[in-house]
Undergrad: 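To start, I am sharing the structure in question, which I have written as structure tokens.
Below, chains carry the letters A, B, ... as their sequence lines are ordered, and counting in each starts from 1.
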Number of protein chains: 2
Amino acid sequence: MDSILAQWRRERPDIDPSPMAVCGEIWRAGERLRQEVLANLVQYSLDFAGFDVLLTLRRQGKGETLSPSALAKDMMLSTSAMTNRLDRLEKRGLVLRASDPLDRRGLKIALTEEGFSLANEIVGSHVRTEENMISALTEIERDQLRSLLAKIR
Amino acid sequence: MDSILAQWRRERPDIDPSPMAVCGEIWRAGERLRQEVLANLVQYSLDFAGFDVLLTLRRQGKGETLSPSALAKDMMLSTSAMTNRLDRLEKRGLVLRASDPLDRRGLKIALTEEGFSLANEIVGSHVRTEENMISALTEIERDQLRSLLAKIR
DNA sequence: AATAATTATTTCGATATCAAATTACTTTAT
DNA sequence: ATAAAGTAATTTGATATCGAAATAATTATT
């Protein structure tokens with residue numbers, strides 16, 4: 001990173017590249033986080049796609065359901081991408097599509113028993129992974145970091 | 001975010017979800033950064049793919065070249081993805097493929113005049129965008145943020 | 001000098017995404 | 001009631017990615 005900044009200082013001495021250092025650090029911390037979280041998921045033969053859906057459903061509570069479009073909106077995804085994700089999860093027996101009794105256009109997505117218990121297992125290891133990522137930070141530093149990041153943009 | 005944490009506290013009182021708050025903030029700051037940077041690029045009909053290549057070449061200096069595999073390595077991409085990116089940039093007349101005089105297997109990728117001046121323009125607006133994202137932070141806070149993020153993982 | 005191993009790039013096959021089009025149904029307005 | 005507009009989910013078409021295989025050229029080994 002320092003060498004990249006040095007290159008820019010040489011090539012464009014008229015530009016102060018220091019924002020690149022800060023933003024680059026945000027960017028790369030996000031990437032590292034992403035890597036570790038993903039590494040945890042592949043142990044369960046899951047990717048972010050399935051993970052998002054499973055945990056979103058799980059945190060609604062046992063037996064609660066969401067429509068495909070609500071899921072898509074919740075995770076800022078197109079509904080067609082959601083169709084695709086649900087296809088895969090349904091094929092694996094982790095979720096099921098039930099027709100909405102109140103609206104024959106709609107579906108209600110629910111976790112199966114297997115999906116529920118997998119989600120339960122994953123949320124535990126996921127939080128352990130995250131705790132591990134930030135274990136070098138004290139409680140105060142964690143709050144500092146959060147409040148600094150909240151000021152971005 | 002707070003409501004998501006509340007859901008987890010209700011569903012899994014045995015788990016402390018506070019790491020989610022910190023990691024979620026890192027995640028979302030990265031997303032916001034991504035959004036803004038991308039919004040700047042689309043003004044030039046570019047995406048991250050082309051942006052990465054153009055700026056990587058530009059910061060090597062005027063007339064300098066890199067091989068497709070060096071570019072791929074630099075941005076942690078498969079060489080096949082790089083072939084694709086270069087195809088698009090070459091079609092737009094922003095880069096050109098010259099054969100490596102020292103190795104007939106190899107290519108040297110160079111910016112065209114148009115690519116060079118576009119890269120020059122973009123690096124300016126890119127840094128302005130980034131400066132804007134972090135404009136709420138003092139110089140000291142920027143350093144704090146960098147050092148806190150460096151401790152992640 | 002011949003052969004094997006390595007390296008550079010591209011092509012191919014598979015997958016995930018989005019946007020637009022489609023089908024089916026519901027709600028609103030006339 | 002009927003038509004129009006809106007909404008839910010899927011299908012289709014296009015694109016970007018990766019990994020593996022193919023092609024071509026170089027370097028190392030015997």
Side-chain angles (χ1 to χ4, degrees), chain A residues 27 30-31 34-35 37-39 41-42 44-54 56-57 64-92 94-110, chain B residues 27 30-31 34-35 37-39 41-42 44-57 60 64-92 94-110:
Chain A
W27 193 280
E31 281 304 304
R34 195 177 178 76
Q35 293 290 315
V37 169
L38 185 58
L41 297 182
V42 296
Y44 303 99
S45 307
L46 226 59
D47 54 12
F48 281 107
F51 169 74
D52 277 348
V53 174
L54 250 52
T56 299
L57 284 169
E64 295 297 316
T65 60
L66 284 175
S67 69
S69 34
L71 284 166
K73 192 175 181 184
D74 194 283
M75 46 197 83
M76 312 216 298
L77 216 63
S78 66
T79 53
S80 51
M82 187 53 61
T83 295
N84 191 331
R85 291 186 177 193
L86 293 174
D87 283 349
R88 278 174 281 148
L89 291 171
E90 193 180 34
K91 232 171 257 166
R92 257 185 82 181
L94 299 175
V95 307
L96 53 84
R97 288 169 158 106
S99 57
D100 184 339
L102 301 174
D103 185 339
R104 278 192 294 172
R105 291 171 306 183
L107 295 177
K108 290 296 185 184
I109 308 299
Chain B
W27 194 280
E31 281 304 305
R34 196 176 178 77
Q35 294 289 316
V37 169
L38 184 59
L41 297 182
V42 296
Y44 304 99
S45 307
L46 266 178
D47 54 11
F48 280 108
F51 169 75
D52 276 349
V53 175
L54 251 51
L55 265 67
T56 299
L57 284 168
Q60 310 301 315
E64 294 297 316
T65 60
L66 285 176
S67 68
S69 35
L71 283 166
K73 191 175 181 183
D74 195 283
M75 45 197 85
M76 313 216 296
L77 214 62
S78 67
T79 54
S80 49
M82 187 53 62
T83 295
N84 191 332
R85 289 186 177 193
L86 294 174
D87 283 349
R88 277 174 282 151
L89 290 171
E90 194 179 34
K91 232 170 257 166
R92 256 185 83 181
L94 299 175
V95 307
L96 53 85
R97 288 170 158 105
S99 57
D100 184 339
L102 301 174
D103 184 339
R104 277 192 295 171
R105 291 170 307 182
L107 295 177
K108 290 297 184 184
I109 307 299

Undergrad: Let me know, please, whether B:Leu86 or A:Asp47 comes out on the 5' side of the other along DNA chain C by nearest nucleotide.
TA: B:Leu86

Undergrad: Do side-chain atoms of B:Asn84 reach the backbone of B:Asp87 as a donor and acceptor pair under 3.5 angstrom?
TA: no

Undergrad: In whole angstrom, what separates B:Phe51's CZ from D:dA16's P?
TA: 17 Å

Undergrad: Does B:Arg88 place a side-chain N or O at less than 4.0 Å from the phosphate oxygens OP1/OP2 of D:dT17?
TA: yes

Undergrad: Between atom CG in B:Asp87 and atom C1' in C:dT9, what is the gap in whole Å?
TA: 11 Å

Undergrad: Taking atom C1' of C:dA14 as reference, at what distance in whole Å does atom CG of A:Asn84 sit?
TA: 13 Å

Undergrad: Whole angstroms only, please: what is the CG-C1' distance between A:Leu102 and D:dA8?
TA: 14 Å

Undergrad: CG of A:Leu96 to CD1 of A:Ile109: how many Å apart, nearest 0.5 Å?
TA: 8.0 Å

Undergrad: Atom CG of B:Asp100 to atom C1' of D:dA24: distance rounded to whole Å?
TA: 14 Å

Undergrad: I'd like to know if A:Ser67 reaches the base of D:dA9 with its side chain, counting only an N/O donor and acceptor under 3.5 Å.
TA: no

Undergrad: B:Asp103 near the nucleic acid: base, sugar-phosphate alone, or nothing, with a heavy-atom cut-off under 4.0 Å?
TA: sugar-phosphate

Undergrad: Nearest to the B:Arg104 side chain among D:dT10, D:dA25, C:dC25, which nucleotide is it?
TA: D:dA25

Undergrad: Assign B:Ser69 to base, sugar-phosphate, or nothing according to its heavy-atom contacts below 4.0 angstrom with the strands shown.
TA: sugar-phosphate

Undergrad: Find which nucleotide of DNA chain D each of B:Met82 and A:Leu107 is nearest to by heavy atoms, and output the residue with the more 5' nucleotide.
TA: A:Leu107

Undergrad: Considering just the side-chain nitrogens and oxygens of B:Arg97, establish if one lies under 4.0 Å of OP1 or OP2 belonging to C:dT10.
TA: yes

Undergrad: Rounded to the nearest 0.5 Å, what separates atom CG in B:Asp47 from atom CZ in B:Arg88?
TA: 5.5 Å

Undergrad: State the CD-CG distance between B:Gln60 and B:Leu55, to the nearest 0.5 angstrom.
TA: 10.5 Å

Undergrad: In whole Å, I'd like the distance from the CD1 atom of A:Ile109 to the P atom of D:dA8.
TA: 13 Å

Undergrad: Look at the side chain of B:Arg105 and the base of C:dT7, then say whether one donor and one acceptor between them are separated by less than 3.5 Å.
TA: yes

Undergrad: Among A:Thr56, A:Thr79, A:Val95, A:Thr65, find the one that has a side chain to side chain contact (heavy atoms under 4.5 Å, CB included) with A:Leu71.
TA: A:Thr56

Undergrad: Would you kindly give the CG-to-C1' distance between A:Leu77 and D:dA9, to the nearest whole Å?
TA: 14 Å

Undergrad: From CE of A:Met76 over to C1' of C:dT17, roughly how many Å is that when rounded to an integer?
TA: 15 Å

